[in-house]
Asks: 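Structure below; questions to follow.
Throughout, residue positions are numbered sequentially from 1 according to the sequence presented. We count ligands from 1, going down the list as the structure has it; atoms in each ligand are counted the same way.
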Amino acid sequence: MRLSRYFLPVLKENPAEAQIVSHRYMLRAGMIKQQAAGIYSWLPMGFKVLKRIEQIVHEEQIRAGHIPLLMPTLQPADLWRESGRYDDYGAEMLRIKDRHERDMLYGPTNEEMITDIFRSHVNSYKDLPLTLYHIQWKFRDEVRPRFGVMRGREFLMKDGYNFDLTKEDALHAYNRHMVSYLRTYERMGLTAIPMRAASGPIGGDNTHEFLVLASTGESEVFYDDRVTALKLGDREVDFDNRAEVLGICEEFTSLYARTDETHDEAAFNAVPEAHRKVGRGIEVGQIFYFGTKYSEPMGATVVTADGNRVPVEMGSHGIGVSRLLGAIIEASHDDKGIIWPEGVTPFHCGIVNLKQGDSATDAACEGLYKAIKSRGLDPLYDDRDERAGAKFATMDLIGLPWRITVGPRGLASGVVELTSRRTGESEEMSAEAAVDRIAQIYAGI
Ligand code: ATP
Ligand code: MG
């Protein structure tokens, strides 16, 4: 993309309404625009990152054997009357009447609807196990929408639902989700720690939240700091191998890590003092096992091998897709702007032309731009007629992990400059070498 033809409405001033850095940078970098409290338009660059995050979520769900579908945002109230949650859910649920005075709602979550789909089409234990998921907008009329996309009213969530014959099978689905989530967050450059949590309106007694440590997080967390060093890396996981999946879950949950809701002072005090940490975290996902809480009242049953009809064992599993943009920025920025991890960056690198209009620098930039695109990558070429300082400031603000700077002086000696946004370190090399290096960096991502 050429910046002169893109839509990147960067703000010079700090927006007064933004209290935390991710919200400030998302507004300043022209990623989102607020349309009403907690409701945002996703401007092109914000939309691009959102799509990259979605893509990672899809890939990791599919790798774990889970099946995508798409349910609507609007739901009939009657389904929620069947589960008993229509009255329980309270003011967070946006209730709507259609022209025929039928009660509808904008879905805050989808347990009822997926259970309805299941009971309409599945009848036999032979069709299990089954895990269906979607990535869809949710609406929760939060009392205090704030911090931009972090606590919105309309927000994008991945929510998945497992259907199993036995509790044991459903717990394997729970563990499978835990492992797939660990890799999902790692690919986004995040350390998200699974912490035992309280279940809230979804219900159930087995639940973990995934928290990204950040001083601006809304949850208070208590943890053994050795937990932050655990990594899944590129370990191959056989998601059908229960022992292997369980082993990984045990490895990641054996150290003390809890939110204030489940904090146990005595157990925490058993952590060696040097590792005992109290901090704050951003909840980027949560998994639940809740057995037959929905299948029982809604009649989602299957016939077993010996001919009995039993309600299915279920769980639900969510990732805060739009919240993740805020969480990633909270975890990765400096005083000049965002620092995107390679896994989610909106453009793979920036190209800065220091002397727009100079035929040699223009030609060199065009050449680089085309060469990088021909490697299947997506560069952002700052071809505006602007001062170098302004171009650097924009690049730093929008946070592309790599920048190639092209100027007449370098070109005279056959080099361009490759700069890492994270370390600020620059290296001079030929344009060809810079293209190779960028391609190499992204080869494994
Ligand atoms: P919270 O405690 O933050 O209100 P929750 O526990 O009610 O969230 P879940 O039902 O677990 O949320 O939803 C799954 C994920 O969706 C959460 O882990 C979070 O990342 C995200 N999420 C929930 N509410 C919001 C919101 N208002 N804005 C953006 N993301 C949200
Ligand atoms: Mg939650």
Asks: Would you kindly say whether H66 and R176 are connected by a side-chain donor-acceptor distance under 3.5 Å?
Replies: yes
Asks: Check for me whether M150 has a heavy atom closer than 4.0 Å to any atom of ligand 1.
Replies: yes
Asks: Using a heavy-atom cut-off of under 4.0 Å, does the side chain or the backbone of K138 touch ligand 1, or both, or neither?
Replies: neither
Asks: At under 4.0 Å between heavy atoms, is it the side chain or the backbone of M157 that contacts ligand 1, or both, or neither?
Replies: side chain
Asks: Compare every heavy atom of E218 with every heavy atom of R280, then report the nearest pair and how far apart it is.
Replies: NH2-O, 3.2 Å
Asks: Determine whether E425 and S420 satisfy the following criterion, side chain to side chain donor-acceptor pair (under 3.5 Å), listing intermediate values before the conclusion.
Replies: CA-CA 6 Å; E425 280 162 26; S420 156; over 6 Å; no
Asks: Any chance CG of D234 has more than 12 other-residue heavy atoms, nucleotides or ligands included, within less than 6.0 Å?
Replies: no
Asks: What pair of heavy atoms forms the shortest contact from R28 to L397, and how long is it?
Replies: O-CD2, 3.6 Å
Asks: Which atom pair, heavy atoms only, marks the closest approach of D383 to L3?
Replies: OD1-N, 3.5 Å
Asks: For ligand 1, indicate whether the residue V149 contacts it via side chain, backbone, both or neither (heavy-atom separation under 4.0 Å).
Replies: backbone
Asks: Please state whether G285 comes within less than 4.0 angstrom of ligand 1, counting heavy atoms only.
Replies: yes
Asks: Just to be sure I'm reading this right: ignoring hydrogens, which of S316, G326, A197, G320 gets closest to atom 16 (O) of ligand 1? Compare them by their nearest heavy atoms.
Replies: G320
Asks: Mind checking whether T109 has a heavy atom under 4.0 Å from ligand 1?
Replies: no
Asks: What I want to know is whether Q286 and ligand 1 share at least one N or O pair that is separated by under 3.5 angstrom.
Replies: yes
Asks: Less than 3.5 Å between some nitrogen or oxygen of S322 and one of ligand 1, yes or no?
Replies: no
Asks: From the options R146, R140, E261, select the one whose nearest heavy atom is closest to atom 9 (P) of ligand 1.
Replies: R140
Asks: Heavy-atom contact check, 4.0 Å cutoff: does V321 meet ligand 1?
Replies: no
Asks: Select the closest option to atom 30 (N) of ligand 1 among F288, F147, F210, F155, judged by heavy-atom distance.
Replies: F155
Asks: Taking T262 for its side chain and R196 for its backbone only, find out whether a donor-acceptor pair lies under 3.5 Å.
Replies: yes
Asks: Which heavy-atom pair separates P72 from N110 by the least distance, and what is that distance?
Replies: O-ND2, 4.2 Å
Asks: Tell me the angle that OE1 of Q286 and OE2 of E283 form around the Mg ion (ligand 2), rounded to 10°.
Replies: 110°
Asks: Between E142 and ligand 1, which residue portion shows a heavy-atom distance shorter than 4.0 Å: side chain, backbone, both, or neither?
Replies: side chain
Asks: Got an N/O contact under 3.5 Å between E209 and ligand 1?
Replies: no
Asks: What's the shortest heavy-atom distance between T292 and P297, and which atoms?
Replies: O-CD, 3.8 Å
Asks: Is there at least one pair of N or O atoms, one from R323 and one from ligand 1, spaced under 3.5 Å apart?
Replies: yes
